[in-house]
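Have a look at the structure below, then the notes.
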Number of protein chains: 2
Amino acid sequence: MPPVSAELRLHRRAPIGRELYGMLRRQILTGVLRPGESIPEATLAERAGVSRTPVREVLRRLADEGFVTIIPQVGTYVAPIRLAAVYDSQFIRETLECRTIRLAAENLTEADAAVLRTNLAAQQASLEAGESDAFFDQDDALHACLVRIAGRPAIWEVIQGVKSQLDRVRYLSLQSGDWPPVLVEEHATLVGHVLAGDAEGAEAAMRAHLRTVFATIERISRVNADFFEKPAP
Amino acid sequence: MPPVSAELRLHRRAPIGRELYGMLRRQILTGVLRPGESIPEATLAERAGVSRTPVREVLRRLADEGFVTIIPQVGTYVAPIRLAAVYDSQFIRETLECRTIRLAAENLTEADAAVLRTNLAAQQASLEAGESDAFFDQDDALHACLVRIAGRPAIWEVIQGVKSQLDRVRYLSLQSGDWPPVLVEEHATLVGHVLAGDAEGAEAAMRAHLRTVFATIERISRVNADFFEKPAP
DNA sequence: GAAGGCATACTAGTATACAAGTAGCCAAAT
DNA sequence: ATTTGGCTACTTGTATACTAGTATGCCTTC
């Protein structure tokens with residue numbers, strides 16, 4: 001019989017391989033693990049001090065997100081960045097966030113406004129300190145916050161799942177080049193419109209902001225050609 | 001070393017538990033397996049004639065999609081329909097499909113038009129024959145086709161993954177009530193706008209169409225209360 | 001010398017054995 | 001009669017053993 005307590009009991013899930021998942025995801029995202037690199041289950045299991053079973057589940061999930069490629073009886077490899085997937089991710093993200101930010105501009109409360117201002121200040125600090133990794137996370141936090149303000153917190157989970165490939169490009173673009181100042185500026189504009197309750201302006205700013213990545217993709221895929229999938233001959 | 005052939009070789013993947021996944025998904029969707037029902041790994045494994053290992057991967061994926069709830073050391077149960085998830089699914093689907101159908105109306109070719117007309121005719125046939133299961137699939141096929149015409153075939157995969165909870169309501173609504181005629185009518189209107197290249201009208205029709213589900217949710221959740229998550233007390 | 005076949009090492013897929021934790025029942029004590 | 005304690009059956013989580021298939025390097029042969 002179904003436990004009626006299921007709704008109110010907080011299950012202490014067993015995220016044994018949870019940190020392994022996060023570590024691998026991060027390492028692939030940041031390029032510590034480079035596309036094409038072999039990551040056998042046995043090696044990961046041994047390194048983490050666990051058996052292959054939980055490792056397999058982690059890899060299966062990473063494969064679903066497009067981070068690794070599993071070839072049966074051959075091996076598991078860090079997947080190359082697929083440009084087509086990047087463009088699809090951008091399309092979906094733009095579509096969803098441009099709609100949610102309109103709602104955010106309309107539903108804004110004073111408490112939300114304070115959170116947004118705090119985040120912007122933190123970004124400025126990371127920028128001046130040159131901490132690109134911190135900035136990367138704060139960028140995500142701002143967008144997540146906007147989605148939450150829109151009253152659709154679950155949407156961010158979907159975006160998070162979809163933008164995996166986009167994130168890899170985003171990370172590379174933060175490493176080299178002078179994009180962070182531009183992004184902070186755009187974020188400030190974005191938040192400004194939201195604070196003013198200007199839904200129309202906020203959407204336009206978001207659209208422009210999310211398309212900034214386009215300006216870097218070509219250069220990134222040229223400089224870091226080995227990170228990207230080879231185009232069909 | 002990474003096999004360079006990875007891109008062009010077609011890997012004969014080993015979808016051993018693939019049919020089990022489809023069967024379970026279908027059975028939960030159609031209500032053959034009812035929310036709260038216990039589905040132990042061992043039972044499923046024995047029934048399918050395989051070991052627990054592949055069954056676990058299937059269940060893990062179903063859990064990610066919100067079809068089952070896995071409680072460690074307790075059991076695996078068919079998940080109840082979460083109304084909040086249904087509304088989130090609808091929001092995302094509406095946002096994405098309203099944008100893609102605009103593109104579909106603009107990118108339409110003659111071949112696409114023929115496919116759309118064929119699908120509509122098939123729907124009409126299923127309607128008259130009272131085959132609601134076939135209609136369910138044709139409904140999906142039409143929407144998938146529109147997304148493909150828009151030039152974003154990958155988007156449908158995302159929608160497919162998101163609308164799981166929505167589908168359960170959709171299936172229930174097709175079982176009882178006289179909604180199929182309404183939906184076919186809406187599909188015809190939709191396709192009509194696309195065929196006419198009327199992006200504006202197509203989007204409006206799509207929005208109205210995807211919101212039709214709202215009219216049934218309240219009744220469905222009342223009639224089939226045992227399918228839905230109990231609201232917080 | 002080159003090309004083809006074969007053996008070996010390594011991989012993920014699968015099956016099975018073991019461990020840890022939960023819920024429900026039953027008995028005993030109050 | 002009620003409550004509380006423990007015990008048992010059952011579940012998922014994890015580890016390990018085994019299977020099957022692939023790629024590669026070496027050896028043979030032409």
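Predicted model only: the values in this text are computed from it and were never measured. Below, chains carry the letters A, B, ... as their sequence lines are ordered, and counting in each starts from 1.
In this structure, B:Y171 and B:F136 have perpendicular ring planes: the angle between them is above 60°, well past the 30° mark.
Figure legend: A:R168 and A:F67 shown without cation-pi pairing, the cationic atom not lying both under 6.0 angstrom from the six-membered ring centre and within 45 degrees of its axis.
Closest-nucleotide positions on DNA chain C for A:I39 and B:T53 were compared, and the one nearer the 5' end corresponds to A:I39. Summary of the strand contacts: B:E57 and B:R52 both lie near DNA chain C, and taking for each the nucleotide with the nearest heavy atom, the more 5' one is attributed to B:E57.
Counting distance only, with no hydrogens placed and no angle test, the side-chain atoms of A:Q73 and the base atoms of D:dT22 include no donor-acceptor pair under 3.5 Å.
Between B:Y77 atom OH and C:dA23 atom P the separation is 8 Å, expressed in whole Å. For the pair B:I71 CD1 and D:dG13 P, the computed distance is 11 Å after rounding to whole Å. When rounded to the nearest whole Å, the span between CG of A:L44 and P of C:dC10 equals 17 Å. B:R60 has its CZ atom 15 Å from the C1' atom of D:dT11, to the nearest Å. For the pair B:L20 CG and C:dA15 P, the computed distance is 12 Å after rounding to whole Å.
Of the side-chain N and O atoms in B:S51, one or more sit less than 4.0 angstrom from OP1 or OP2 of C:dA15. Distances shorter than 4.0 Å separate some side-chain N or O of A:T76 from OP1 or OP2 on C:dA12.
For B:I16, whose side chain is taken as the heavy atoms from C-beta onward, the closest listed nucleotide among D:dT12, C:dG13, C:dT16 is C:dG13. Relative to the side chain of A:I70, the nucleotides C:dA15, C:dA12, D:dT14 differ in distance, and C:dA12 lies closest. Across D:dT12, D:dA15, C:dA12, the shortest atom-to-atom separation from the side chain of B:R56 is found for D:dT12.
Across B:I155 and A:D88, no two heavy atoms sit closer than the pair CD1-O, 4.2 Å.
If you take OG1 on B:T216 and CD1 on B:I220, they are separated by 5.0 Å, rounding to the nearest 0.5 Å.
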